[in-house]
Structure formats: structure tokens, C-alpha cells
Amino acid sequence: MNTTSILDIKNLHAGVAGKAILKGISLTIGPGEVHAVMGPNGSGKSTLAAVLAGREGYDITAGEARYLGQDLLELDPEERARAGLFLAFQYPVEIPGVNSTYFLKSALNEQRKHRGLPELDAIEFLKLVKEKIKLLDLNEDLLKRAVNVGFSGGEKKRNEIFQMAVLDPTLAVLDETDSGLDIDALRVVSEGVNKLKAPGKAQLVITHYQRLLNHIVPDYVHVLMEGRIVRSGGKELALELEERGYDWISRELQLAA
Amino acid sequence: MSAVAPATVRPVEPATEVDPWVQPFARLESGALFPQQPAWVFPLRKAGLARFAELGLPTLAHEDWRFTNVAPLKGLPFAPTLAAPTQRLADGELDARPFARLPGDRLVFLDGHFVPGLSRVGTASGGGVVTSLAAAFRTHAGLLERHLTRYAHGSANPFTALNDAYFTDGALIHVPAGRVIEHPVQLVFVASGEEEGRAQHVRNLILAEAGSQFTVVEHYLGRGTATTVTNAVTEVVAADQVVMDHLKFQDESRAAYHFAAVHADLGRASQVNLHSFALGSRVSRHNIHTALNGEGLECVLNGLYLTDGDQLADHYMVVEHAQPHTASHEYFNGILEGRSRGVFHGRILVRPGAQKTDAKQTNKNLLLSDDATVNTKPQLEIYADDVKCTHGATVGQLPPEQIFYLRSRGLPLETARRMLIHAFAGEIIDRVRCAPLREELDRLVWDRLEQDTQIQVGPHA
């Protein structure tokens with residue numbers, strides 16, 4: 001096992017209610033790396049993100065996932081977050097009645113507490129928020145509202161990356177962050193993500209379309225089909241997929257079989 | 001949920017069943033108990049008694065009482081608190097109670113009798129009247145004769161009829177035209193709870209002249225552990241352009257039976273919010289009847305019930321749109337634990353000609369245990385053709401996807417649950433316009449939820 005990796009997935013099998021979705025995923029992500037997982041609808045992309053973040057309702061039937069050397073799948077979702085794992089949701093949920101600022105400050109301080117750092121007071125937190133919100137070109141007024149309530153689709157996605165900027169994770173998993181974004185919002189979100197790139201940190205970008213990868217340039221691209229990574233390569237693999245579609249790989253796989 | 005036929009009113013008990021409730025009235029016949037009351041009051045009492053005898057105590061067979069069983073009342077001695085209590089409230093006794101630090105007028109009652117020593121009047125009402133009803137029979141008899149029992153009159157609610165017969169005291173609030181009262185006027189009703197079956201009947205009349213703005217809090221609490229009965233009726237008359245919040249905070253002892261009714265007659269372009277917070281009592285039933293009698297008015301009925309153990313909290317609303325261009329919004333949230341039960345009955349009545357009515361009704365319930373239950377019943381009767389009426393009800397647990405979202409950011413499960421429960425209650429609390437009151441309610445409800453949910457956090461992981 002590579003102890004210097006951030007995420008190390010080996011032969012991971014997972015499913016829902018007896019139906020297998022992930023059928024043996026292996027993937028290693030090292031510090032400073034950006035990996036993209038691409039695949040058609042139904043290939044298991046969102047299941048991979050959900051299993052990594054610890055969403056309930058999935059059965060892990062085989063394999064393992066180690067994060068910074070520890071067994072990730074043993075941890076509760078909040079323990080994963082405190083250890084520095086962040087999931088940017090494909091569909092961020094609205095939470096009426098929970099103020100955005102209060103929520104994010106509680107979350108950040110919870111994480112700091114567990115890392116032995118002093119909690120931020122209201123003034124320090126506000127300073128951090130003002131600094132990070134600029135990255136995402138987000139209206140500060142949104143933070144006075146309830147979490148994601150009354151946000152447009154684009155605002156919800158930008159808010160995810162804003163939270164990522166504030167929480168400063170070691171591993172960020174971006175689940176179809178590009179879906180539902182127009183080209184301008186896509187650019188803003190991508191720039192935000194790029195600015196958060198750092199030598200000790202890593203990003204796993206999950207997407208259906210190549211267009212996001214014009215902005216967030218990956219070091220590695222993996223193609224996920226029917227619950228397996230069927231091909232891995234450099235960023236040029238994404239361009240090839242864009243040009244030739246997913247069918248091309250399906251056909252090659254069938255020929256090989 | 002299902003469509004429901006209009007409720008029928010019929011006597012459901014033979015008269016002999018109500019005898020124990022009728023007999024104490026003999027003590028009023030002599031006139032010795034309330035010598036100061038004008039001659040017109042006694043006939044009102046007598047009519048109330050007759051109507052009660054006719055209606056009888058409700059049973060589960062009665063459409064309006066299908067889910068709320070008051071049969072245990074029959075096992076209690078019925079002891080209306082007609083005479084002033086022998087117990088006293090100590091000077092500082094209310095200091096640690098909710099809202100005690102809010103400035104402004106306060107009237108305190110013990111077992112339905114005015115306690116002048118703990119009351120303070122005239123500090124903020126600025127020319128208006130804030131006084132005990134018993135005193136007002138001497139000082140404002142004309143005003144009372146014009147209004148008292150007029151708005152609750154004809155109610156099919158037997159408890160309102162019983163209140164007509166037995167009411168002892170309560171408040172008269174009369175706010176002159178254009179007057180703005182900054183601090184909430186507080187009415188505090190304490191049940192001594194030292195003797196089984198003591199039944200306090202309190203009566204309030206709130207008269208808001210045109211353009212006045214103020215807040216009234218009716219606060220019901222108990223201090224003993226005996227099974228007591230509270231039966232309160234409040235009549236509200238809001239003239240044109242009145243801006244008013246009426247807030248009932250019910251936190252009586254867990255042994256208490258609490259019945260209350262608010263009858264509000266609302267004028268043109270008024271903005272009246274009627275709030276109900278039901279936290280205490282073993283069984284509580286709160287009726288709100290609003291008559292929307294002026295164009296351009298907007299009325300909000302806003303309620304929160306928190307129950308656990310074997311508590312039952314019942315809210316019964318009738319919103320009557322009688323004029324065109326009126327809006328009503330009902331928001332009731334319930335948080336239920338243990339084996340407790342919640343009942344919501346919301347009737348919207350749109351009279352012929354009340355075009356452009358905008359009526360919205362929402363009842364949301366959070367069940368924090370498998371044994372808690374809710375009965376929710378919307379009832380729409382619409383006799384105009386250009387109206388907008390919507391209703392919706394939900395009963396469920398905390399949404400798992402919201403819990404996961406919060407946890408995925410590092411918040412512990414327990415914190416996530418509390419945040420969501422708090423938010424659910426906060427939706428209702430946020431509609432209270434008076435900021436100091438709202439803030440105190442938020443703290444009170446939060447403290448109560450923290451107490452109640454301690455044992456619940458584990459099993460629902």
C-alpha cells in the first residue's frame with residue numbers, strides 16, 4: 001500500500017438493496033493531483049461519490065477505501081468531513097430555517113475543534129467568509145438566508161464550492177458540479193476550484209461531460225462504465241471521449257471480450 | 001386526509017350527564033358572588049348555562065371532537081373557582097417564569113381571580129384601558145355591554161357556553177385609535193393546581209380601535225400537580241388598519257386540561273396575527289375563530305405544538321372569509337415525541353361574494369418517536385367562484401438527506417438533528433413580530449426541545 005497517497009481505493013464493490021452498482025473500483029490519488037472520473041449516466045459515478053462521503057443506504061460488499069492511511073468506510077460522514085474529506089453535492093439540499101452563516105460557522109468550528117484548533121469567533125469567521133466569497137463571485141446576502149433556500153441552481157453549485165473554500169478540505173469530491181451551470185457560472189466555479197488546488201491536497205472531479213475539464217484540467221482521467229474503471233489516461237483521454245463519445249469504448253470493450 | 005362534510009351540531013349527551021356541571025350555578029343565582037356586576041350579566045350567564053346543558057360535554061362521536069377525548073373530565077369533581085382563592089402568589093413567584101423581564105403592562109390572575117400585587121398597569125398603554133374585567137364592570141360597563149359575548153356568541157363549543165356561565169375575571173384591553181403600544185401587554189393566568197377538579201373560567205375582551213398597533217400575550221401556567229381545568233375565552237375586535245399580534249403561550253402542568261377559544265372579528269386592511277404555542281397540559285384544545293369582515297385585510301394563524309409523554313394538543317380553526325379581497329394564512333407545526341398526539345382541524349369558509357379570497361393552510365408534523373400520532377383535517381367550504389384556497393399537510397421524520405448534508409460538513413448527528421428540529425420550530429417563531437418576545441420564545445422552545453429530546457437522540461440514529 002502506498003502510504004503517501006491521499007485516497008486509495010481497492011476493488012470496491014457497492015450496491016443498493018441487493019443491486020450491484022460499483023463492481024470493483026481501484027483508484028489511487030496522490031497529493032497535489034486532480035483526477036477526473038467520467039462516465040455515461042448510470043455508470044455509478046454518483047454512487048462512488050456517495051460511498052466516499054458516507055451516505056447511508058449503500059452496501060459495501062467487497063474491497064476497501066483508505067483515506068490518509070485510515071479505513072474510510074469505517075467512519076461516519078462527520079468523521080470523514082473532520083478528517084478533511086469534502087463532497088460538493090450534485091443536488092445540494094435546501095434546509096429551511098437553518099441560517100447559512102450559522103451552519104457554516106458551526107461546521108467549520110466543529111472541524112477545527114477536532115483538529116485541535118481554536119474555534120473562530122464571529123468576527124474572525126466573517127473575515128474568512130468575505131475573503132472566500134470573492135472567489136466564487138457570490139452575493140453575500142445569500143449567507144443571510146437559510147441553507148440553499150431560494151438559491152438558483154447556479155448559486156447552489158457556487159455555494160458548494162464556497163463551502164469547500166471555507167472548510168479547506170484535503171480531498172474534495174466534486175459530484176457533477178458542472179450540471180445545470182451556464183458557461184459563465186461554469187467558469188466561475190472552475191476558477192474557484194482551481195484556486196483551491198494545493199500541493200498537499202487532491203481533487204476528484206466526477207462529470208459526465210468533458211467541458212468542465214476545459215477549466216479544471218485533470219492530471220488523470222478515468223472512464224467509469226457499468227461500475228468499473230475501464231480506461232485510465234491523461235487529460236487527452238477526456239478530449240478523445242468528447243470527440244468519439246462513450247460508445248467507442250463500449251465497442252472496444254465488447255471486441256476485447 | 002380526506003374531504004369532510006360540514007360539521008353538524010347536535011346534543012350528544014342526555015342532560016343528566018351535565019348535571020354536576022350545572023349544579024354549581026346555583027351559587028351564582030343569589031348574586032352574592034359578583035355583587036358589582038351589572039344586571040345584564042346574569043342573563044348572559046344563564047343563557048350560557050342553558051346552551052351548555054343543551055350541547056353537553058363533547059364525545060368522540062362529535063365531528064369536531066373526533067380525536068380529543070374529554071371523557072376523563074367526568075371522573076373529576078367540577079369545582080369552578082367562583083370565589084377568590086385562599087392561596088396567594090408570593091411576590092417574586094413569577095420572576096423566573098417566561099416573559100417576566102419584558103417591560104410593559106401585566107395583569108396576573110390566580111385561579112381566574114385578579115392579583116393586583118403582581119400586576120402593573122398604566123406604564124405603557126398611554127391612555128388606553130388595561131384592566132381586570134371584574135373592575136371594568138364598574139368602570140367600563142357600557143363598553144362591556146356592547147361587546148362582551150357578542151363575538152363568541154352562538155359558538156357550538158360547549159366549553160365556550162360553560163365559560164359564559166362561570167367566567168370570573170380576565171382582562172379588558174381597549175386601545176384607542178392610532179395608538180401604538182411598544183411593549184407587549186401580558187396576561188398571566190396561573191392555575192394553583194392544589195386541588196383536584198378546580199376549574200378556572202377566564203374571559204378576555206380586546207378592543208383595538210382603528211390604526212392601533214400592539215401585542216397581547218396570554219400566558220397560561222400551572223404551579224401544582226393536581227388535575228385542573230382551564231377554560232378561557234378571548235374575544236378580539238380589530239377595527240380598520242389595526243396591526244396586532246395576539247400570542248397564547250400555554251404551558252400548564254402535565255396534569256391539566258386546557259380549553260381555550262379566541263374569537264376575532266377583523267376589520268378592513270387590518271393585519272392581525274394570532275399565535276398559539278402549546279407546550280403544556282395533558283390535554284389542550286385551542287379554538288381560533290376568525291371573521292374576516294373587511295376588504296384588504298390579512299390574517300395569520302400561526303401555531304407550534306410540542307408534545308411528549310401522553311400529551312394531546314388539539315388546534316381547531318375556523319377562518320371565515322366574509323368580504324372580498326381578504327387573505328388568511330395558517331401555519332401550524334407540531335413536534336411530537338413519546339406517545340403524544342397532535343390534532344389539527346382547519347376549516348376555511350368562503351362566504352358568497354367573498355371574491356379574491358386568498359386562503360392558505362399548512363400543517364407540518366415532525367414525529368420523533370414511532371408511537372406519536374397526528375390527525376390532520378383540512379375542511380374547505382367555498383361559496384364564491386374567484387378564490388384561491390390551498391392546503392397541505394405533512395407528517396414525517398427528519399429528512400435523511402438534510403441530516404446527511406449537515407453531517408457531510410462535519411456536524412455530529414445529534415447536532416444535525418437538533419439544528420433541523422430547531423429550524424422546524426423556528427419557522428413558526430419567526431412570525432412573531434415583536435422582537436424581544438420572539439427571542440424569548442426561541443429560547444423557551446429551544447430549552448424545552450433540549451430537555452425533551454435528550455433521551456430520543458440515541459434510538460433515532
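From a predicted model like this one, the values you see are computed outputs, not experimental measurements. Protein chains get the first letters and strands the later ones, always in sequence-line order, with residue 1 at the start of each.
Of the atoms belonging to Pro92(A), heavy atoms from both backbone and side chain fall under 4.5 Å from chain B. Contact of Ile95(A) with chain B is made through backbone and side chain together, with heavy-atom distances under 4.5 Å. Both the backbone and the side chain of Arg55(A) come within less than 4.5 Å of a heavy atom of chain B.
Annotation: Tyr58(A), atom OH; neighbour count of heavy atoms from other residues, nucleotides and ligands within 6.0 Å is above 12. Crowding of Lys356(B) atom NZ: a count of heavy atoms from other residues, nucleotides or ligands under 6.0 Å not exceeding 12. Counting non-hydrogen atoms of neighbouring residues, nucleotides and ligands closer than 6.0 angstrom, the CZ atom of Arg438(B) exceeds 12 such neighbours.
Among the candidates Gln163(A), Glu79(A), Glu94(A), the residue making the largest number of heavy-atom pairs closer than 4.5 Å to chain B is Gln163(A). Among Glu427(B), Arg409(B), Met419(B), the residue making the largest number of heavy-atom pairs under 4.5 Å with chain A is Arg409(B).
In terms of heavy-atom proximity, Ala81(A) sits nearest to Gly410(B) at CB-N, 3.3 Å.
Atoms CZ and CZ, from Arg82(A) and Arg407(B) in turn, are 9.0 Å apart once rounded to the nearest 0.5 Å.
For Glu78(A) (side chain) and Leu413(B) (main-chain N/O), a donor-acceptor pair under 3.5 Å exists by modelled atom type.
Close approach to chain B, defined as a heavy atom under 4.5 Å from one of its heavy atoms, is seen in Phe103(A), Ser106(A), Ala107(A), Glu110(A), Gln111(A) of residues 103-130 of chain A, taken by number.
Taking the six-membered ring where the residue is Trp, Phe89(A) and Tyr405(B) present tilted rings, their angle falling between 30° and 60°.
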